[in-house]
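What follows is a single structure, written as structure tokens, with notes after it.
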Amino acid sequence: MKLDNQQVLDCLALLSKDKHIRVLDHQFARFIAQYTDDGWVVLASAIASHQSGLGHVCVDFNTIKKQPLFGLSHHDAHYLQGLSLNTMTNWPMLMLDALRASAVEGDNAPLKLSLNNLYLQRYWNDEQQICNFLKARGCLFEPIAIKPLLDELFKPDFEFIFSKLSELNKTKMSLATFCGDFFNLRSDLAIDYLQIEQQLSHIDSVESLAVFAASIQQEQTLDWQKIAVAIAASNKFSVISGGPGTGKTTTVIKLLALLIQLDTPLASSEVMTLKPGLNIELVAPTGKAAARLSESISGALGKLKVAQSVKEKIPTKASTIHRLLGVIPNSNRFKHNEENRLHVDVLIVDEASMIDISLMAKLFAAIAPHTKVILLGDRDQLSSVEAGAVFADICGDLSLGASYSESTRNWLSEQSGFCANVLSNPANSETSVVANGLALLHKSYRFGQFSGIGALAKAVNHGDIAALKRVWRQGYQDIGLHQQNDNNRQQIVQMSVNGYKGYLEQAKRIETADDIYKVIRLFNQFQLLTPLRAGKFGLEELNQAIETSLNRYRFIDLTQGVWYLGRPVMILSNDHGQQLYNGDIGILLPDIEDEEGAARVYFIMADGQLKSFLPSRLPAHETVYAMTIHKSQGSEFDNVVISMPNQWSALLTKELVYTGITRAKQSVDIFCSAQILQKSMLTKTLRVSGLAKALCDQENLAQ
């Protein structure tokens, strides 16, 4: 049974007019209709385009009937009445049969079917590029001898630990978890913490602390950072996933120190091999994330206990992925690709969860066979704004723990000294081609037992309503839940005014570059986040209300026009020529090189340097007292306020709430009803793709 082409196009035109689908979805269907007279194929093309706009890589015909077509509510179902889909229980199979017989589906066609998944051709090509790259590298495991270097890098800093112990003794705080935090005691063992606390209370010197540490049996300890370094050192491709404060930067610094020492030739009295050092690149998907990576690496480097000659070889400047690949103006291709590979020995990619399928495919295509690749990120965060959830697909289901092979597990035990049987979970039967390269950092060093942010993030991430209720009853000082209503809207605005006034006061006292850095640091102490752009509690109205209130308190002067002193703006589109990227934030401040007091917009660039631009030269931008949670990825702020809508929306998911909460380092206040918050944390973001299944395909694993 065929569908009438024109009937389908008329239906899609109406859906587009009323903004239930994008104009692009309708136009793509019109394009396909030029090459087929089968309405099923035309409708399928619109569905595929619409799904890509929602972040999906493909359409899964096995599950397509579980969700309303085009996300239409029950009240909007009348749009599809003319197609009579509700009377045909087998319409997905009719659509599949029509696609298989169509000229617009195939290897060189706009659409591509694989099993029961329908792709736009470019996404199919991207997924195959990524899948082939990972399958080629998943088996490249090098069981090298690294135990002496590994032990030296993770040797306890007894002077630092003793200073922390002395601080706790002075405050009379419990020492019960101290040993677990600093000596990595296993949480799965029944350990007599009362006895440990008594022993710690009698330690009065660094030497006695070292003696105590030596008494701890290695079988009682487990350091996931050490495991992650070993995994990344021995694989050509690896992933290090962990939440905020789990030490991803510390782990990477130690990994680089290990790789540099392994690469450094030994000098002898007779000959010294002249060999260039490793070419190491640090990248992130946005300029903002790259700048934060540069700052984090620089900070961690000062605490690293290795020879100065090793430190000097560790890079501290990160760049964006686009800059690394080399942008070609007016083209979606890069200078570095499969025909012109990157000259890199070690590539560290931070905030990898933000990378969409197309950019990841282009990055992998440009990587040389010898390059060691390490992806860093948080698998529980929001996925990329564009199509795909590549990082989450690669990580797979790590909720049961890793699933290393027996040989990998034994090697890890030999090199780290930890028990082999706790390094991975035999109950996790889902084995991926990259399983031996996956490392999960479990312990947060930022959010300890007294952290409400940590407890709240954990409850939301696990979808545990009972734990969430316990968190609110604990009386934590760093979190707050407030009802969201019209009366509380002014409270959100007032909290924002209080949060931003510090940087605005400093903005009036600019004389040097250091003053500008200080303004930007003060701005990053507070941020208002919201899931939505529109509505009373969305980005647009909140930004306007905050701006009006700041003007009333005379922190800003709107009589200066749109470009008033202190205005913060976020870039909304990439400008490769000026190296300004979507999500970068700048502030309008006096030009320190202009005696007449002209103003420029100052940004901290990907390499950590300060750069200013005339307002008229900026790409698309907007005021950013409030920003969406999506845009906040790759950033951290001391204090965060989250304004949730007062009505349920399908955009509210566990990953979104978790991402918002974990942007905060010191405090987070959430304006939301308890019911909406609970429903959000039980709603998981779903991104349809074929990558995760392909990486776990048993036939491919056998090859």
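Here the structure is a predicted model, which is why all the values come from computation and not from measurement.
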When you look at [atom1] of [X], are more than 12 heavy atoms from neighbouring residues, nucleotides or ligands closer to it than 6.0 Å?
X    : atom1 : answer
Q121 : CD    : yes
L610 : CG    : yes
E338 : CD    : yes

N/O donor-acceptor pair under 3.5 Å between [X] side chain and [Y] backbone:
X    : Y    : value
D350 : A289 : no
R137 : F237 : no
R341 : I367 : yes
R533 : L539 : no
N524 : R521 : no
E622 : L572 : no
T371 : V344 : yes
R22  : S49  : yes
R323 : Q579 : no
S102 : L99  : no

Check against side-chain contact (heavy atoms from CB on, under 4.5 Å), L618 and L580: CA-CA 8 Å; L618 295 181; L580 289 175; 3.9 Å; yes
Worked verdict on N543 versus T623 for side-chain hydrogen bond (donor to acceptor under 3.5 Å, both in side chains): CA-CA 7 Å; N543 266 325; T623 304; over 6 Å; no
For the residue pair [X] and [Y], what are the closest heavy atoms and their distance?
X    : Y    : result
E105 : L113 : OE2-N, 2.8 Å
A513 : I592 : N-CD1, 3.8 Å
P110 : V104 : CD-O, 3.4 Å
G660 : L529 : O-CD1, 4.0 Å
K311 : L304 : CE-O, 2.9 Å
V624 : Q527 : O-NE2, 3.7 Å

Let me confirm one number: the [atom1]-[atom2] distance from [X] to [Y], rounded to the nearest 0.5 Å.
X    : Y    : atom1 : atom2 : value
T685 : L54  : OG1   : CG    : 12.0 Å
K236 : I374 : NZ    : CD1   : 11.0 Å
C58  : R687 : SG    : CZ    : 12.5 Å
Q261 : S309 : CD    : OG    : 8.0 Å
L134 : I394 : CG    : CD1   : 5.0 Å
L325 : R333 : CG    : CZ    : 11.5 Å

Y658 and its side-chain hydrogen bond (donor to acceptor under 3.5 Å, both in side chains) partner, picked from N461, T653, D378: D378
Do the side chains of [Y] and [X] get nearer than 4.5 Å, heavy atoms only?
X    : Y    : answer
V283 : L347 : yes
I520 : F523 : no
L691 : V57  : no
Y119 : L111 : no
Y581 : N574 : yes
V385 : D356 : no
H322 : F334 : yes
L382 : S353 : no

Pairs involving residues 341-379, ordered by first then second residue, that meet ring-ring contact (aromatic ring centres under 6.0 Å, His included) (sequence neighbours left out): F133-F364
Stepwise side-chain contact (heavy atoms from CB on, under 4.5 Å) check, Y404 with N436: CA-CA 5 Å; Y404 302 130; N436 288 327; 3.9 Å; yes
side-chain hydrogen bond (donor to acceptor under 3.5 Å, both in side chains) between T408 and S405, intermediate numbers included: CA-CA 5 Å; T408 299; S405 67; 2.9 Å; yes
Presence of salt bridge, K112 and D107, under 4.0 angstrom: yes
From CA spacing to verdict: side-chain contact (heavy atoms from CB on, under 4.5 Å), L301, I253: CA-CA 7 Å; L301 195 59; I253 280 284; 4.1 Å; yes
Ring centres under 6.0 angstrom apart (H50, F70): yes
Verdict with reasoning, I314 to I280, per side-chain contact (heavy atoms from CB on, under 4.5 Å): CA-CA 8 Å; I314 297 177; I280 302 169; 5.9 Å; no
